[in-house]
Amino acid sequence: MKRRARRKTRQWLVGYAFIAPAVVLFLVMGLYTLGYSVTLSFAKWNGFSPSWDWVGLKNYHDLLYADPRLAPEVQRAALNTGVAMVAVSAGTVLIALPLAVLLNSIRRLRGLLRSVYFLPYVTTGIAVYYAWRYVLEPDGAINLALRSIGLGSLARPQGFLGDPDTALPALIVVMIWGSVPVAMLLYLAGLQAIDPSLMEAAAMDGAGTVRRVRHITWPLLVPITVAIVLLSLRDTMQGFQIFLIMTNGGPAGHTEVLGLKAYQQAFMQSMSPTLGVASALGWLIFVAALLLAVLNARLLRGTR
């Protein structure tokens with residue numbers, strides 16, 4: 001008995017020794033970082049001075065309404081974020097669903113086409129953002145193509161990213177291009193899970209392709225659609241890399257979003273004590289993402 005107990009104790013110790021690095025890493029990089037960030041949001045600090053200046057809720061007040069310079073910028077960034085969230089989510093669904101239906105109806109080369117459509121997601125990253133920026137420049141491929149086919153009036157002499165009217169829509173198109181592949185695969189998985197006898201019965205009753213998609217396919221794919229939309233909302237709200245790399249918020253703040261604003265307040269203000277403001281803005285974004293997660297759970301529960 002003692003030998004068995006000793007062996008179990010040794011096994012437990014070995015198991016805990018294996019998970020200890022991960023637990024320590026989580027405590028240091030997770031809980032400690034979160035607590036540090038929450039505390040910092042109630043202070044002003046430039047990252048180098050030995051002490052913080054405690055200001056309480058002033059950072060939150062400045063972001064929401066009190067600061068006459070910062071609050072309007074945050075409100076404009078929030079508006080741009082909201083527009084991007086809605087447009088990317090809607091565009092992803094409107095493009096991914098027909099592509100999935102078309103791909104599901106193809107019998108030959110389905111695997112190859114699936115891989116081709118998935119390439120934008122695999123190649124999404126900094127290099128792709130730079131490639132898109134080159135395409136959208138004044139002498140980029142889109143302007144050259146428009147001029148070559150006689151549509152020079154639609155070209156933008158300052159480039160699509162330099163024009164306040166087209167900068168945000170151009171970035172939205174790039175984000176949709178990157179988010180469609182995953183959404184299409186999710187829809188394709190949902191389509192292949194639908195009982196073929198339902199479609200056969202509808203076809204025998206005289207329902208065409210459009211009616212079958214509208215009255216059978218779409219209602220059965222509502223849970224997947226809810227998940228895709230809310231994932232797109234979350235990713236667009238929290239992501240800022242594309243805005244940083246392609247426009248850095250320009251021209252004149254027309255592509256500034258909340259994530260980019262938090263980054264700028266944290267790292268682009270020289271020695272100004274704005275790390276607390278950046279932390280406060282980050283927590284406001286976190287609360288909004290948490291509300292989206294709750295909404296996601298409620299909507300998914302309601303569609304079951």
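Computed from heavy atoms alone, side chains included, the values below leave out hydrogens, waters and symmetry copies. What you see is a predicted model, and the numbers here were worked out from it, not measured in a lab.
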Point-to-point distance, once rounded to the nearest 0.5 Å, from CG of Leu63 to CG of Leu258: 9.5 Å
Just list the side-chain donor-acceptor pairs under 3.5 Å for residues 239-248, sequence neighbours left out, or say none.
residue: Thr247; atom: OG1; partner: Phe243; partner atom: O; Å: 3.1
residue: Thr247; atom: OG1; partner: Gly249; partner atom: N; Å: 3.3
residue: Thr247; atom: OG1; partner: Thr255; partner atom: OG1; Å: 2.7

Spacing of Gln158 atom CD and Asp163 atom CG [to the nearest 0.5 Å]: 4.0 Å
Sidechain-backbone polar pair: Asn143 side chain, Pro138 backbone, donor-acceptor under 3.5 Å: yes
Expected output: side-chain Asn104 to main-chain Leu188 donor-acceptor under 3.5 Å: no
Hphob cluster co-occupancy, Ile95 + Trp177, side-chain heavy atoms under 4.5 angstrom: yes
Shortest non-hydrogen separation from Ala43 to Trp54 and the atoms involved: CB-CE3, 3.9 Å
Backbone of Ser51 reached by a side-chain donor or acceptor of Ser49 within 3.5 Å: yes
Thr236 vs Thr81 side-chain heavy atoms within contact, under 4.5 Å: no
Spacing of Leu94 atom CG and Leu97 atom CG [to the nearest 0.5 Å]: 8.5 Å
Path from Val55 to Leu57 over hydrophobic side-chain contacts below 4.5 Å: no
Ring-ring centroid check Tyr36 Trp52, cutoff 6.0 Å: yes
Cluster check Tyr134, Leu171: I/L/V/M/F/W/Y, side chain < 4.5 angstrom: no
Same apolar cluster: Ile142 and Val173, side chain cutoff 4.5 Å: no
Lys58 NZ: over 12 foreign heavy atoms closer than 6.0 Å: no
Donor-acceptor contact present, side-chain Asn59 to main-chain Asp62, <3.5 Å: no
Candidate pair Ser179 and Thr92, rule side-chain hydrogen bond (donor to acceptor under 3.5 Å, both in side chains), full reasoning: CA-CA 7 Å; Ser179 62; Thr92 299; 2.8 Å; yes
Within 6.0 angstrom of Phe267 CZ, more than 12 heavy atoms from elsewhere: no
CG-OG1 distance between Leu161 and Thr166, expressed to the nearest 0.5 angstrom: 7.5 Å
Connected via hydrophobic side-chain network under 4.5 Å: Ile149 and Phe160: yes
Short side-chain to backbone donor-acceptor contact, Thr274 and Gln265, under 3.5 Å: yes
Nearest-0.5 Å distance, CD1 of residue Ile228 to CG of residue Leu233: 12.0 Å
Members sharing Leu144's hydrophobic cluster (side chains within less than 4.5 Å): none
Quiz: residues 278-290 side-chain donor-acceptor pairs under 3.5 angstrom, not counting sequence neighbours:
residue: Ser279; atom: OG; partner: Ser37; partner atom: O; Å: 2.6
residue: Ser279; atom: OG; partner: Ser37; partner atom: OG; Å: 3.0
residue: Trp283; atom: NE1; partner: Ser37; partner atom: OG; Å: 2.8

